[in-house]
Number of protein chains: 2
Amino acid sequence: MDDELQIAKENFIQGMSRIGSFWGFSKAMGAIYGVIYLSPDLVSLDELVKQAGVSKGAVSTNVRTLERLGMVHKKMKLGDRKDYYTAEADMWKIVRGVLKEREKTEFGLALDTVGESLDMVKTVTNPVDPELNDFYKERLKGMESFFNSLDNMVTAFTALDNLRVSALPSLFKKTMNNE
Amino acid sequence: MDDELQIAKENFIQGMSRIGSFWGFSKAMGAIYGVIYLSPDLVSLDELVKQAGVSKGAVSTNVRTLERLGMVHKKMKLGDRKDYYTAEADMWKIVRGVLKEREKTEFGLALDTVGESLDMVKTVTNPVDPELNDFYKERLKGMESFFNSLDNMVTAFTALDNLRVSALPSLFKKTMNNE
DNA sequence: CTTGTTGTTTAGTTTGAACTAAATGAATTG
DNA sequence: CAATTCATTTAGTTCAAACTAAACAACAAG
């Protein structure tokens, strides 16, 4: 392969591993996705071990997580027991997928927790300190309202999937230097 | 203090520490913010040690981070050497602040990295494998475009600050159970 | 100058996530 | 069935983040 091209690839892979760890994924996941993303052909597990520079075990688990997140797709070749992977190149699709997954778990849980506390405060019948009671109520309501809005935003965003309105980001577009 | 109220508070604080760690902050930061958020009066460092259940050192560093993020505000009382803290209760303001901070570092860096790789590919004069070269170009452009849109979205969102349009989330509002 | 009070820094420890190496399991082939 | 070739799982290790305890620095008061 072209040397310059190879260097560009390695630079990109390294960058993805950096970015990945910022977004809450492991460094290895970023690197693995980077490798697959820049491969025109299907990539085998052993190829990933070589190019991403992590052990087979790590690739095995990380690539499965990537698949669960919809970031890569597993393909089988007939008469070949190896697993092959392709990258999902539609970033917005990926974002929607990840948000959908996390909405169910973390966002909902946040709402539940706050709602729970709020309910406790509401059910105080004869408060010792009425002012403090009201203060708690106000603050907890504020927090609940925030998480509620957030949850609705995420829900709305993930729903864009069906409407095929991936064009949403263009609403925010200011300057784009496409070549 | 009312027992029921105290339990509600502790439940909330525990919840915040959980939520905090999900959003990339430390558990302690979440708990500390929770304590301050549910305090009608100014809170001293020693009070935080007691209520958040972490060491003095940890409170000292974490509370400083919280202040840097604009999540709490430091107040001094005259004739009192202690530091006191208040919570910033406007969540959207906090979100904007955090995004603004991260936009500069992580988002920009992501863009730079991809752009760098793209430039490398573009400057390949006599490619060994022209098709592969084009493939790289396409993929890297796609990624760059994604980060660009993302960056613009964040910029637009943080700019809402000035316009005082914190009402944005209401655009997404579906159902709100106020009371 | 000494003492007490407060926030910060530092040195050391704990903890948990994520990796490696190696064992295991599953499937195909001769 | 033995041997080979994969992917997965497991046991153990590494490493960095985050905490604690204690020393330290700054400051005010007596």
Side-chain angles (χ1 to χ4, degrees), chain A residues 13-14 16-36 42-69 71-86 102 105-106, chain B residues 13-14 16-36 42-69 71-86 102 105-106:
Chain A
I13 291 169
Q14 181 195 325
M16 287 305 283
S17 79
R18 226 200 139 286
I19 292 164
S21 73
F22 169 71
W23 288 92
F25 306 113
S26 75
K27 273 180 62 179
M29 268 182 65
I32 292 169
Y33 179 76
V35 171
I36 305 179
L42 298 175
V43 191
S44 71
L45 196 146
D46 283 317
E47 194 60 29
L48 288 174
V49 171
K50 242 185 281 176
Q51 294 198 36
V54 289
S55 74
K56 207 173 178 181
V59 170
S60 178
T61 58
N62 278 306
V63 91
R64 190 162 357 116
T65 306
L66 284 171
E67 209 205 352
R68 195 172 48 75
L69 293 174
M71 296 182 68
V72 304
H73 304 291
K74 193 192 280 198
K75 303 277 183 189
M76 313 291 191
K77 285 184 184 173
L78 281 90
D80 189 341
R81 280 188 296 115
K82 287 188 191 174
D83 296 347
Y84 292 94
Y85 297 93
T86 314
R102 300 210 169 156
T105 56
E106 293 299 327
Chain B
I13 291 169
Q14 181 197 324
M16 287 304 284
S17 79
R18 226 200 140 287
I19 292 163
S21 72
F22 169 71
W23 289 92
F25 307 112
S26 76
K27 272 182 61 181
M29 268 183 64
I32 291 169
Y33 179 76
V35 171
I36 305 179
L42 298 174
V43 192
S44 71
L45 196 145
D46 284 317
E47 194 60 28
L48 288 174
V49 172
K50 243 185 280 176
Q51 294 197 34
V54 290
S55 73
K56 207 174 174 181
V59 170
S60 177
T61 57
N62 279 305
V63 91
R64 191 163 353 119
T65 307
L66 283 171
E67 209 203 353
R68 196 173 47 76
L69 293 173
M71 296 181 68
V72 305
H73 305 291
K74 193 192 280 199
K75 302 277 182 188
M76 314 290 193
K77 284 184 185 175
L78 281 89
D80 189 340
R81 279 189 295 116
K82 289 188 190 174
D83 296 349
Y84 291 95
Y85 297 92
T86 314
R102 301 212 169 155
T105 57
E106 293 299 329

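Only heavy atoms go into these numbers, but all of them, side chains included; no hydrogens, no water, no symmetry mates. Naming: A, B, ... by sequence-line order, numbering from 1 per chain. Quantities reported herein were computed from a predicted structural model and do not represent experimental measurements.
- Considering all non-hydrogen atoms of both residues, A:R102 and B:F22 come closest at CD-CZ, 3.8 Å.
- Residues satisfying the side-chain hydrogen bond (donor to acceptor under 3.5 Å, both in side chains) test with A:R64, not counting sequence neighbours, are none.
- Between the CG atom of A:N62 and the C1' atom of C:dA17 there is a distance of 11 Å, given to the nearest Å.
- The separation between B:D83 atom CG and C:dT8 atom C1' is 11 Å, rounded to whole Å.
- Distance, B:M76 CE to C:dT6 C1': 12 Å, rounded to whole Å.
- Atom CG in A:D46 sits 6.0 Å away from atom NZ in A:K82 (nearest 0.5 Å).
- Atom-to-atom distance recorded for B:L45:CG and B:Y84:OH is 11.0 Å, nearest 0.5 angstrom.
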Exercise for the section: Given side-chain contact (heavy atoms from CB on, under 4.5 Å), test B:V72 with B:L66 step by step and report yes or no. Expected result: CA-CA 6 Å; B:V72 305; B:L66 283 171; 3.8 Å; yes
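- We find the CE-CG distance between B:M71 and B:N62 to be 11.0 Å, quoted to the nearest 0.5 Å.
- Following rounding to the nearest Å, A:D80 (CG) and C:dT28 (P) show an atom-to-atom distance of 12 Å.
- B:K77 has its NZ atom 16 Å from the C1' atom of C:dT5, to the nearest Å.
- For the atom pair A:I32 CD1 and A:S26 OG, the distance stands at 7.0 Å (nearest 0.5 Å).
- Distances were taken from every side-chain heavy atom of B:K82 (C-beta onward) to each of C:dT6, C:dT8, C:dC19; the shortest belongs to C:dT6.
- Taking CD1 of A:I13 as the start and CD1 of A:I36 as the end, the distance is 10.5 Å to the nearest 0.5 Å.
- For residues 47-58 of chain A, proximity to DNA chain D is found at A:K56, A:G57, defined as any non-hydrogen atom under 4.0 angstrom from a strand atom.
- Remark: B:R81 is not in phosphate contact with C:dT8, judged by side-chain N or O atoms under 4.0 Å from OP1 or OP2.
- If you check residues 20-30 of chain A against DNA chain D, you find no residue with a heavy atom closer than 4.0 Å.
- In terms of the side-chain hydrogen bond (donor to acceptor under 3.5 Å, both in side chains) criterion, residue partners of B:E106 (sequence neighbours excluded) are, by chain and number, A:R18.
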Problem - side-chain contact (heavy atoms from CB on, under 4.5 Å) evaluation trace for B:L69 with B:F25 - result: CA-CA 11 Å; B:L69 293 173; B:F25 307 112; 3.7 Å; yes
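- Boundaries of the chain A contact region on DNA chain D are D:dT5 to D:dT9, first to last in 5' to 3' order (nucleotide atom under 4.0 Å from a heavy atom).
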With a cut-off of 3.5 Å and sequence neighbours excluded, list every side-chain donor-acceptor pair involving residues 47-59 of chain A.
unit_1: A:E47; atom_1: OE2; unit_2: A:Q51; atom_2: NE2; d: 2.9
unit_1: A:Q51; atom_1: OE1; unit_2: A:K9; atom_2: NZ; d: 3.0
unit_1: A:S55; atom_1: OG; unit_2: A:A58; atom_2: N; d: 3.3

